[in-house]
Amino acid sequence: MSSTSQKHKEFVAEPMGEKPVMALAGIGEVLGKRLEEKGFDKAYVVLGQFLVLKKDEELFRDWLKDTCGANAKQQGDCYGCLREWCDSFL
């Protein structure tokens with residue numbers, strides 16, 4: 001498994017609260033703006049979609065690609081971040 005970013009480590013280290021969508025690993029300013037425009041303004045809203053998709057990696061990656069144009073690395077980073085957060089807090 002690839003090493004995780006500092007952003008990932010910070011995200012999974014504490015409850016999500018009201019963190020903005022750009023706090024998610026793999027989601028920078030451009031993707032964050034695209035997600036916000038579609039109503040996904042907070043990390044917990046993206047988490048909701050992740051859970052609706054039953055934490056399925058392929059479905060979540062496809063959704064992220066279709067929703068904001070995330071590339072494979074961005075998709076994987078965001079999926080891994082949410083999966084690890086769920087493992088710790090759910």
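The chain is numbered in sequence order, starting from 1. Note that these values count all heavy atoms, side chains included, but never hydrogens, waters or copies made by symmetry.
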| remark: What one should report as the nearest heavy-atom pair of Cys78 and Leu64 is CB-CD2, 3.7 Å
| message | If we ignore hydrogens and angles and just use 3.5 Å, is the side chain of Trp85 paired with the main-chain N or O of Gly80 as donor and acceptor? | response | no
| message | Before you tell me yes or no, could you show the steps for Tyr44 and Glu18 under side chain to side chain contact (heavy atoms under 4.5 Å, CB included), namely the whole-Å CA-CA distance, both residues' side-chain angles and the distance that decides it to 0.1 Å? | response | CA-CA 7 Å; Tyr44 69 79; Glu18 295 288 322; 3.8 Å; yes
| message | When you group the ILVMFWY residues by side-chain heavy-atom contacts below 4.5 Å and let the links chain together, are Met22 and Val30 in the same group? | response | no
| Side chains of Leu90 and Leu51: closer than 4.5 Å at any heavy-atom pair? | yes
| query | Sub-3.5 Å donor-acceptor pair from the side chain of Lys7 to the main-chain atoms of Ile27, do we have one? | reply | yes
| query | Do side-chain atoms of Arg61 reach the backbone of Ala72 as a donor and acceptor pair under 3.5 angstrom? | reply | yes
| message | If we check side-chain contact (heavy atoms from CB on, under 4.5 Å) with Lys19, which of these qualifies: Lys42, Glu14, Glu10? | response | Glu14
| said: If you define the side chain from C-beta out and look only at heavy atoms, does anything of Glu36 sit under 4.5 Å from Val21? | reply: yes
| query | What is the distance from atom CD of Gln74 to atom CG of Leu24, rounded to the nearest 0.5 Å? | reply | 12.0 Å
| How close do His8 and Asp77 get, heavy atom to heavy atom, and via which atoms? | ND1-O, 4.4 Å
| message | Once rounded to the nearest 0.5 Å, what's the spacing between atom OH of Tyr79 and atom CG of Leu59? | response | 10.5 Å
| query | Are Leu82 and Phe89 in one and the same hydrophobic cluster, where Ile, Leu, Val, Met, Phe, Trp and Tyr link if side-chain heavy atoms are under 4.5 Å apart? | reply | yes
| note | Partner of Phe50 under side-chain contact (heavy atoms from CB on, under 4.5 Å), picked from Leu47, Val46, Leu53, Val52, is Leu47
| query | Between Gly69 and Leu31, what is the shortest heavy-atom contact and its length? | reply | C-CD2, 4.1 Å
| message | Minimum heavy-atom separation for Val12 and Cys81, please, with both atom names. | response | CG1-O, 3.5 Å
| request: State, yes or no, whether a side-chain contact exists between Met16 and Phe11 at a heavy-atom distance under 4.5 Å. | output: yes
